[in-house]
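Okay, so here's the structure we're looking at.
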Amino acid sequence: MSGTPETSLPSTLHQALLALLGPSGLLTDTTDTAAFCTDWRALYHGRCAAVLRPATTEECAKAVALCHAHGVPMVPQGGNTSMVGGATPDDSGRAVVISTTRMNRVHTIDHADLTMTVDAGVTLKAAQDAAAAEGLFLPLSISSEGSADIGGILATNAGGNNTVRYGNARELALGLEAVLPDGNVLDLMRRLRKDNTGYALRQLLIGAEGTLGIITGAVIQLQPAPRARETALCAVESAAGALALFGAFRKQDPAAVVAFEFMSGTSMGLVNRFIDGASLPLAEPAPAYALVELSSPRAGEGLRSLMEDVLGEALESGLVTDAVLAESETQRNALWMLREEHAEAQKRAGASVKNDVSVPLAAIPTLITDATAACEALIPGIRVAPFGHIGDGNIHFNLVQPEQMDAAAFSARDHDIMDTVAEIVRRLGGSFSAEHGVGQLKTYMMPSWRGGAELESMRRIKNALDPEGLMNPGKIFPAA
Ligand code: FAD
Ligand code: MLT
Ligand code: ZN
C-alpha cells in the first residue's frame, strides 16, 4: 500500500449517489460496509469508499455512469461467497462495492419456453424455489446457494453438483442484461435457443468475474421437475474406484446421472469431526466415498432398479465395499449434508489452501496420487483432503494445515502448495481454475497458463470495454 488511503467519496459524487439511491442504497459507515470488504474465507480484508445498493437496472446504470465520470473503481458483488477473493475490494479504500442484493425480483416463468426471467440479485435458492413452486426445476446446485445470486453464479460461470448432467451456469443462460463500465446498458434479454447474430456477447460477460460489467438480469433455462430420484452414498477404495462406478452408471443410462461426487476419507473425517449432526451412515469409515444421484421427470420404478442393479454388481465385484440408499427425502438431505458441508468443515479445521482444478477424467487417479505425495513431501503432516465433482473431472484438491502448525505459517506457503499441485495438473493437461474463477487468488498464475495470444486477447477485450480499468481492478489480470 502506498500513500494516504482515500476512504471517502468525492463530495459531488456522494451527493449525486445519495440523490439517486437514497440512504438505504448508499452505505458509507465502516460498520455497515465492513462485511462487504471481507471474503467468505476471511482471507482478504479490503476497504471501500462506499457500498452502492441499486434496486433497479436503471439505478445501477446511473450509479455506474457517475462512478465512471469520477474515475472511481467499482467492485460488483452478489452473495459474497467467492472462493478466490473475486468480490473483495483492495485496501486502498478508493473503490465502491456495487451490491446487487436489492435487485431481487423474479419477473416471469414461462412454461412453453421453460425459462425464468430474473434480476441478478435473486439468490440461487430463491430462484430454485420459484421454479419449484411452478412445478419446474432450476438444475444448478451449489452449497452456497442460499447466498450466491444469479449475477454471481453467472459472473463466475459456477459449476457445482449437477454440472455432470446439466452443464455450468453458462449453459443455463439464454439471455443476459448488463451495465457496461461506462454506464451503458447491454440488453441481451432474449430467450432464444437459436440466435446466430454476430458475436455471442453474453458469453463474454459470463465467467468474466465482474471485470467487463455488472450483470443485472438473466433469462435462465429451466427443466421439468424430477418426479423420481434415487440417491446413494457408496464406500470405495480410491478415486479410481469412484471413477469406475461413475462409468458403470453412465454405461447404463447417462441421462439419469445428475450428480456424481467424490469425497476422500480425510475430508469426510473433517465433516464428521467439525459439523454438528453429521453422521456417516455406513458400518465403518472408508478410504473414499462416492455420492451418486439419479433422477428422471418420469415417475416409476425404473430408477430404483437401475441404482440397485449397478450397485449390486459393484458390491459383488468389490468395487463398492458398502452403500446406503436414501429411503426418504430426509435421508436424502442427510446424505447430501455430508457432501455440502465439506467447505465449512475445512474452514473450521484451520488454515487451508484450495486448488480448484480439473483434468481429463482418466487422469484423476494420477492427479490424486501424485499431488498427495508432492504435498506431503513439501509440508510433513499436511492434511490432504480432496473432494469434488469427479464426474466433471473437477477435484477440489484442498490441503489443510498440519494439526500443530501455526495457521499463518501454513498460509504463507500457499503459493508453494498451489504451484506444486498446478505443475502436476499442467502435466496431466488440466486447468488450475475449474469452477471458482481466478479472482485475486490466482492472478499470478495467468501469464504462465494463459500466456501468448490468449492472455493478450483477453487484455484487448478488457481494454475495449473498460479502457480506464475501473471495473473490478486486480481480478483475473496480473498487474501489468
Ligand atoms: P460473489 O462472491 O459476490 O462474486 C463472485 C465474483 O463475481 C466476483 O468477481 C464479483 O465481482 C463478480 N460478480 C458478482 N456479482 C456480479 C454481477 N452481478 N455482475 C458482474 N460480476 C459480478 N462455486 C462453484 O462453482 N461450485 C460449487 O460447488 C461451489 N460451492 C461453494 C460452496 C461454498 C460453501 C462457498 C462459500 C462457495 C462455493 N462456490 C462454489 C463459490 C461461489 O459460491 C460461487 O463462485 C458463486 O457463483 C459466487 O456467487 P456470489 O453471488 O456469492 O458472487
Ligand atoms: C464445493 O464444491 O463444495 C466447493 O466448490 C469447494 C471448496 O470448498 O473448495
Ligand atoms: Zn465445487
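For clarity, every value in this text was computed on a predicted model and none was experimentally measured. Each ligand, and each atom within it, is numbered from 1 in the order the structure gives.
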Distance filter under 4.0 Å to [X] heavy atoms, resulting ligand 1 atoms:
X: Ser143; result: 32 (C)
X: Gly210; result: 20 (C), 21 (N)
X: Gly86; result: 8 (C), 9 (O), 10 (C), 11 (O)
X: Gly160; result: 26 (N), 28 (O)
X: Ala158; result: 25 (O), 47 (O)
X: Ala343; result: 34 (C)
X: His436; result: 23 (N), 24 (C), 40 (C)
X: Thr100; result: 18 (N)

Considering only heavy atoms of [X], which atoms of ligand 2 have at least one such atom less than 4.0 Å away?
X: His389; value: 2 (O)
X: Met83; value: 7 (C), 8 (O)
X: Ala343; value: 8 (O)
X: Asn398; value: 7 (C), 9 (O)
X: His396; value: 1 (C), 2 (O), 4 (C), 5 (O), 6 (C), 9 (O)

Taking N or O atoms only and a 3.5 Å limit, does [X] qualify as a polar contact for ligand 1?
X: His396; value: no
X: Glu435; value: yes
X: Glu209; value: yes

- request: Check the surroundings of atom NZ in Lys62: do more than 12 heavy atoms from other residues, nucleotides or ligands lie under 6.0 Å from it?
  value: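 Atom NZ in Lys62 is not packed in, count stays at 12 or less.
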
- request: Flag yes if more than 12 heavy atoms outside Gln203 fall under 6.0 Å of its CD atom; otherwise flag no.
  value: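 Counting other residues, nucleotides and ligands, CD of Gln203 exceeds 12 neighbours.
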
task: Please lay out, stage by stage, how Arg47 and Asp91 fare under the test salt bridge (charged side-chain N to carboxylate O under 4.0 Å, His left out).
output: CA-CA 5 Å; Arg47 294 189 308 148; Asp91 62 4; over 6 Å; no

message: Can you confirm whether or not the ring centre of Phe260 sits under 6.0 Å from the ring centre of Phe246?
response: yes

message: For the aromatic rings, using the six-membered ring if either is Trp, is the centroid distance between His396 and His342 under 6.0 Å?
response: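 Centroid separation for His396 and His342: 6.0 Å or greater.
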
- request: Report yes or no: does Asp356 have a heavy atom closer than 4.0 Å to ligand 2?
  value: no

query: With a 4.0 Å cut-off on heavy atoms, does His342 reach ligand 2?
result: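 No.
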
Under-4.0 Å heavy-atom contact with ligand 2, by part of Asn161 that carries it: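 Asn161 to ligand 2: no contact under 4.0 Å from either part.
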
- request: Indicate, as side chain, backbone, both or neither, the part of Glu340 found under 4.0 angstrom from ligand 2 when only non-hydrogen atoms are considered.
  value: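 It is neither part, as no heavy atom is under 4.0 Å.
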
task: Mind listing the closest non-hydrogen atom pair of Gly151 and Ile215 along with its distance?
output: O-CD1, 4.0 Å

task: List the atom of Leu455, the atom of Arg450, and the distance in Å for their closest heavy-atom pair.
output: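 Of all heavy-atom pairs spanning Leu455 and Arg450, the closest is CB-O, 2.6 Å.
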
Specify the protein heavy atom at minimum distance from [atom]: its residue, its atom name, and the distance to 0.1 Å.
atom: atom 51 (O) of ligand 1; result: Gly79 N, 2.8 Å
atom: atom 7 (C) of ligand 2; result: Lys354 NZ, 3.4 Å
atom: atom 53 (O) of ligand 1; result: Gly152 CA, 3.5 Å
atom: atom 5 (O) of ligand 2; result: His436 NE2, 2.7 Å
atom: atom 11 (O) of ligand 1; result: Pro76 O, 2.6 Å

- prompt: Do the side-chain N and O atoms of Asn80 and Ser147 include a donor-acceptor pair separated by under 3.5 angstrom?
  reply: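 Short answer, no.
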
field: Distance-only polar pair, side chains of Gln346 and Ser352, donor-acceptor under 3.5 Å
entry: no

message: If you apply the rule salt bridge (charged side-chain N to carboxylate O under 4.0 Å, His left out), what do you find for Arg273 with Glu403, and how did you get there?
response: CA-CA 13 Å; Arg273 183 169 153 195; Glu403 296 271 5; 2.9 Å; yes

task: I would like to know whether Arg426 and Glu423 meet salt bridge (charged side-chain N to carboxylate O under 4.0 Å, His left out); could you show each step before the answer?
output: CA-CA 5 Å; Arg426 188 196 296 276; Glu423 279 323 303; 3.2 Å; yes

task: Report the C-alpha distance between Ser433 and Ser431 in whole Å, list the side-chain angles of each, state the deciding distance to 0.1 Å, and finish with yes or no for side chain to side chain donor-acceptor pair (under 3.5 Å).
output: CA-CA 5 Å; Ser433 172; Ser431 168; 5.4 Å; no

Could you name the option among [options] that has the heavy atom nearest to [atom]?
atom: atom 7 (O) of ligand 1; options: Ala434, Gly217, Ala155, Ala148; value: Ala155
atom: atom 6 (C) of ligand 1; options: Asn80, Thr156, Thr101; value: Thr156
atom: atom 25 (O) of ligand 1; options: Ala178, Ala208, Gly159; value: Gly159
atom: atom 2 (O) of ligand 2; options: Arg339, Glu344, Gln346, Glu435; value: Arg339

- request: Before giving the answer on side chain to side chain donor-acceptor pair (under 3.5 Å), spell out for Gln77 and Ser99 the whole-Å C-alpha distance, their side-chain angles and the decisive distance to 0.1 Å.
  value: CA-CA 5 Å; Gln77 190 177 100; Ser99 165; 5.4 Å; no

Has [X] got any heavy atom lying under 4.0 angstrom from an atom of ligand 1?
X: Ala169; result: no
X: Gly439; result: no
X: Asn472; result: yes
X: Met83; result: yes
X: Arg41; result: no

- prompt: Would His389 count as a contact for the Zn ion (ligand 3), in the sense that one of its N, O or S atoms lies under 2.8 Å from it?
  reply: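 It does: His389 brings an N, O or S atom closer than 2.8 Å to the Zn ion (ligand 3).
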
message: Please determine whether Asp356 has a backbone or side-chain N, O or S atom lying under 2.8 Å from the Zn ion (ligand 3).
response: no

Validation row: Leu140, Leu172 side chains within 4.5 angstrom (heavy atoms):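 In short, these two side chains touch, coming nearer than 4.5 Å.
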
- request: Indicate yes or no: at least one non-hydrogen side-chain atom of Cys375 is less than 4.5 angstrom from one of Val421.
  value: yes

message: Given the ring of Trp40, does Lys347 sit roughly above its face, with NZ or CZ under 6.0 Å from the centre of the six-membered ring and within 45° of the axis?
response: yes

query: Given the rule in the salt bridge (charged side-chain N to carboxylate O under 4.0 Å, His left out) test, do Glu261 and Arg339 qualify, once you have shown the distances and angles that lead to the verdict?
result: CA-CA 8 Å; Glu261 298 283 307; Arg339 164 62 185 88; 2.7 Å; yes

message: Between Glu454 and Trp449, is the side chain to side chain donor-acceptor pair (under 3.5 Å) condition met? List the steps.
response: CA-CA 9 Å; Glu454 192 171 356; Trp449 280 81; over 6 Å; no

message: For N/O/S atoms only: which one belongs to Glu435 and is nearest the Zn ion (ligand 3)?
response: OE2

